[in-house]
**Student:** 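Below are the structure tokens for one structure; questions will follow.
Predicted model, so just to flag it, every value in this text is computed and none were measured.
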Amino acid sequence: MALNIKAVQGFKDILPDEVVLWQHVEQRARDIFHRFGFGEIRLPIIEETELFARSIGQTTDIVEKEMYTFVDKGLTLRPEATASLLRAFIEHGLHVLQPVQKLYTMGPMFRHERPQKGRLRQFHQLDAEIIGATEPAVDAELMAMGNMLLAELGLQAKLEINSLGCPACRPSFREKLVTYLRRFAGEMCPDCQRRLESNPLRSLDCKSQHCKKVVAGAPSILDSLCPPCSDHFARVREGLEHLSVPYSVNHCMVRGLDYYTRTTFEFTTASLGAQSAVGAGGRYDGLIAQLGGASLPGIGFALGVERIILLLQQQEGPRLTPAAQAEIFVAALGENGGRYSQLLVHLLRQGGVKAAMDYSGRSLKAQMKQAGRLGARFALIVGDNELSRQSAVLRDMDSQSQEDFGLQDSPQSCADRLRTLVTTRLPASGRPA
RNA sequence: GUGGGAGUAGCUCAGCUGGUGGCAGCACCUGGUUGUGGCCCAGGAGGUCGUGGGUUCAAGUCCCAUCUCUCACCCCA
């Protein structure tokens, strides 16, 4: 701790032990996304501020107070991925390639909020979007995919769904709701009183006990949907049931971003403290046109990687163990042993074998210890003695058995023989690979 | 942005009402074993007690500020 420089608030390092989990999650996600026909798209993490203001909504908390913006340059670190993805989609005219595009991306997002459990200022999302399809079956498929990913990761999450209607039916619901809430405004929390004008739908999801009481008697948006939206929602539900995806309807669920229409959903868990959402998403049928693109519907979701990692870490059961850092460790003794070992290790690596050695001339005991620590299955002991009699000692670290390993032929063929050995010989015990 | 809790070794943490920083555990190094890992034993190394001020003969301990972590509000992945 010589330097008094630390990571800035809300940003954190992910150390090698934890990276193992990250890679696991990312691998699973890629695997499943590919199964569903999604292609990866990689996006810049910075965009013109205007993009987020126009898509997420001027009056949302994200845009009003949580963005990392370079004011002098008009640029902003992305607070979410959908806007960037759609920008790229429109910019490159991807809709001409095929009528329905399925894209995913993953990476860091930035929001200037107060950090707490499962919430960082730089956090990571897995993001999947389907553009160009309006069929309810697509909504169901997308949710099924999220559900499958969480299930394959071994996580317990509930799926809650709702419909927020469309520009044809939401405004009238909003009016109905405001009329109702006005009657009880006095009983509601100060936040909700303030939201009465700015974002009355948000009151439906308020945690305050008083508000919950009021909201319990409020009209439901599901009763106010126009026939097309109502039909869409019914068929989304049918789709989920058809695929046996468990879900519940939560007519109070609202979203923090303005662009959502019709289907919205959240994957929630009780094990994350105040942050119950592991992932969330919804349909945004007007957004692409609003950003200057073709008039195309879209739907997508984002999963919070940190939140998934937290859940995995809380889980009982066997931990993920990092892969061995070395398959074979060459223990060198003496100056000649060191020179020969260095070449051998290099040739092994060239041949695709994870090989390691120690250059500091430490005792054999210390080197064997290091071999064990690296998870090496074999140790090859090469000292000046071995070189002079042209025969090294090969030790199987699990069975503790040792055998001679001839060094008569060239270093290259020795390396080749060792590689064959490492890749073909079965482990002595049922030790994880 | 608001409120509670907390910062002592790489990690987890003792340290009472101020009086020399812990034979603490894990990890690390060395030795016990002339050249053989995991267990055991012995020894060793490792600290601006988050940072900056203040009170005091004396501050890890009390006071103020600040930074960070943490939990919650707000909001959200």
**Student:** How about A:Phe33 and A:Tyr104: are their ring centroids closer than 6.0 Å?
**Tutor:**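 Ring centres of A:Tyr104 and A:Phe33 closer than 6.0 Å.
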**Student:** Quick one: is A:Arg377 getting a side-chain N or O under 4.0 Å of the B:rG37 phosphate, OP1 or OP2?
**Tutor:**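 For B:rG37, OP1/OP2 do not have a side-chain N/O of A:Arg377 under 4.0 Å.
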**Student:** Which pairs, protein N/O on one side and nucleotides 1-6 of chain B N/O on the other, fall under 3.5 Å?
**Tutor:**
{"residue": "B:rU2", "atom": "O4", "partner": "A:Arg114", "partner atom": "NH1", "Å": "2.6"}

**Student:** I'd like to know if A:Glu40 pairs up with A:Arg42 as an ion pair, taking the criterion as any Lys NZ or Arg NE/NH1/NH2 lying under 4.0 Å from an Asp or Glu carboxylate oxygen.
**Tutor:**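 Salt bridge: yes.
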**Student:** I want to check a possible cation-pi pair here: A:Arg237 against A:Tyr247, using under 6.0 Å from ring centre and within 45° of the ring axis as the test.
**Tutor:** no
**Student:** Does the B:rU36 base have a donor-acceptor partner in the side chain of A:Gln400 within less than 3.5 Å?
**Tutor:** no
**Student:** With rounding to whole Å, what would you report as the distance between B:rC41 and B:rA6 at their P atoms?
**Tutor:** 36 Å
**Student:** Once you round it to whole Å, what is the distance between C1' of B:rG37 and CG of A:Asp396?
**Tutor:**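 Distance, rounded to whole Å: 13 Å.
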**Student:** With a 4.0 Å cut-off on heavy atoms, is A:Gln370 in touch with a base, just the backbone sugar-phosphate, or nothing at all?
**Tutor:** nothing
**Student:** Can you tell me whether the side chain of A:Arg373 and the base of B:rG37 have a donor-acceptor pair closer than 3.5 Å?
**Tutor:**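 Between B:rG37 and A:Arg373, which were checked side chain against base, a qualifying N/O pair under 3.5 Å is absent.
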**Student:** Would you check, one step at a time, whether the test salt bridge (Lys or Arg N to Asp or Glu O under 4.0 Å) holds for A:Arg121 with A:Glu113?
**Tutor:** CA-CA 6 Å; A:Arg121 289 181 172 178; A:Glu113 300 179 271; over 6 Å; no
**Student:** When you look at CZ of A:Phe11, are more than 12 heavy atoms from neighbouring residues, nucleotides or ligands closer to it than 6.0 Å?
**Tutor:**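 Counting other residues, nucleotides and ligands, CZ of A:Phe11 exceeds 12 neighbours.
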**Student:** For the side chain of A:Arg362 and the base of B:rC29, is some donor closer than 3.5 Å to an acceptor across the two?
**Tutor:** no
**Student:** Answer yes if the side chains of A:Thr82 and A:Glu129 hold a donor-acceptor pair under 3.5 Å, and no otherwise.
**Tutor:**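 Note: A:Thr82 and A:Glu129 side chains meet the donor-acceptor criterion.
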**Student:** Grab the CZ-C1' distance between A:Arg255 and B:rA77 for me, whole Å please.
**Tutor:**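 In whole Å, B:rA77 C1' and A:Arg255 CZ are 9 Å from each other.
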**Student:** For the CZ atom on A:Arg362, are there more than 12 heavy atoms of other groups (residues, nucleotides or ligands in this structure) within a distance under 6.0 Å?
**Tutor:** yes
**Student:** For RNA chain B, produce a single dot-bracket line, 5' to 3'. Pairs: Watson-Crick or G-U wobble, both distances under 3.5 Å. Symbols: ( ) within strand, [ ] crossing, | other strand, . unpaired.
**Tutor:** (((((((..((((.....[..).))).(((((.......))))).....(((((..]....))))))))))))....
**Student:** Between B:rU61 and B:rG44, how far apart are the two P atoms, rounded to whole Å?
**Tutor:** 29 Å
**Student:** Just N and O in the side chain of A:Gln9: are any of them under 4.0 Å from OP1 or OP2 of B:rU68?
**Tutor:**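 For B:rU68, OP1 or OP2 has a side-chain N or O of A:Gln9 closer than 4.0 Å.
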**Student:** Tell me whether A:Gln156 at atom CD has more than 12 heavy atoms from other residues, nucleotides or ligands lying less than 6.0 Å away.
**Tutor:** no
**Student:** Could you measure between the two P atoms, the one in B:rU48 and the one in B:rG43, and give it in whole Å?
**Tutor:** 26 Å
**Student:** Between B:rC76 atom P and A:Arg307 atom CZ, what is the distance in whole Å?
**Tutor:**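 That distance rounds to 11 Å.
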